[in-house]
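Comments concern the structure below.
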Amino acid sequence: MASSSSSASLPSWRVEALNPSGPPVSASWHPSGPSSFHNAGLALWSQSRAEWCKQTVSTKPPRPPPVNYDEVAQGLSTVQRTYELPGRMRLEDIIEVFNDIWEAEQGF
């Protein structure tokens with residue numbers, strides 16, 4: 001099994017790329033001696049999350065135009081293998097449609 005020679009060639013989402021210096025050593029866990037504890041995993045997670053949360057684009061894409069709710073609900077509630085949405089939809093809108101369909105089927 002071949003091992004990677006450099007973490008620079010790994011995608012940034014790979015666990016091996018999160019901490020290119022390798023796993024924490026004993027000094028990372030107890031920087032002030034054995035009586036203190038430093039959560040190196042939490043520190044690495046916080047650092048990685050801060051990198052992930054950085055805004056990478058200057059503007060957000062425009063919202064998709066509204067679609068006919070009744071048409072989408074009717075199409076999704078039929079017993080078909082596939083249904084092509086009439087256009088792009090926001091995730092929260094499609095979740096609302098599915099919730100309404102499931103509630104109607106359950107009799108809520």
Side-chain angles (χ1 to χ4, degrees):
M1 180 158 110
S3 64
S4 174
S5 61
S6 166
S7 63
S9 62
L10 292 172
S12 62
W13 54 267
R14 292 283 307 256
V15 70
E16 296 90 347
L18 291 177
N19 192 1
S21 63
V25 293
S26 180
S28 297
W29 295 101
H30 304 285
S32 301
S35 62
S36 70
F37 176 76
H38 169 72
N39 191 336
L42 176 61
L44 178 59
W45 178 85
S46 297
Q47 176 187 359
S48 299
R49 185 178 186 282
E51 281 292 316
W52 184 79
C53 289
K54 285 183 182 175
Q55 186 171 353
T56 58
V57 293
S58 59
T59 60
K60 291 184 178 181
R63 294 184 102 150
V67 296
N68 185 332
Y69 175 90
D70 294 327
E71 178 186 347
V72 172
Q74 180 65 34
L76 290 173
S77 63
T78 60
V79 184
Q80 293 182 7
R81 184 169 175 89
T82 62
Y83 171 72
E84 189 164 333
L85 295 172
R88 292 177 54 225
M89 293 182 71
R90 295 182 332 184
L91 179 60
E92 64 187 81
D93 293 339
I94 196 71
I95 289 173
E96 180 182 342
V97 171
F98 273 118
N99 282 334
D100 291 345
I101 292 169
W102 290 327
E103 286 175 2
E105 288 176 354
Q106 298 294 323
F108 290 116

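For clarity, every value in this text was computed on a predicted model and none was experimentally measured. All heavy atoms count here, side chains included; hydrogens, waters and symmetry mates do not.
A heavy-atom distance below 4.5 Å is found between the side chains of Leu85 and Ile94. Using a 4.5 Å cut-off on side-chain heavy atoms (C-beta onward), Leu44 and Gln47 make contact.
The side chain to side chain donor-acceptor pair (under 3.5 Å) search around Asp100 returns Tyr69, not counting sequence neighbours. When the ring-ring contact (aromatic ring centres under 6.0 Å, His included) test is applied to Tyr83, no partner is found at least two apart in sequence or on another chain.
Phe98 and Leu91 fall within the same hydrophobic cluster, where Ile, Leu, Val, Met, Phe, Trp and Tyr residues are linked whenever their side-chain heavy atoms come under 4.5 Å apart, directly or through other members.
Atom CG of residue Asp93 and atom CD1 of residue Ile95 lie 9.5 Å apart, to the nearest 0.5 angstrom.
Pairing each heavy atom of Arg88 with each of Val67, the nearest pair is O-CG1, 4.1 Å. Nearest heavy-atom pair, Ala73 versus Ile101, reported as atom, atom and distance to 0.1 Å: O-CD1, 3.6 Å.
Counted within 6.0 Å of CD on Glu71, heavy atoms from surrounding residues, nucleotides or ligands total more than 12; the atom is thus considered enclosed.
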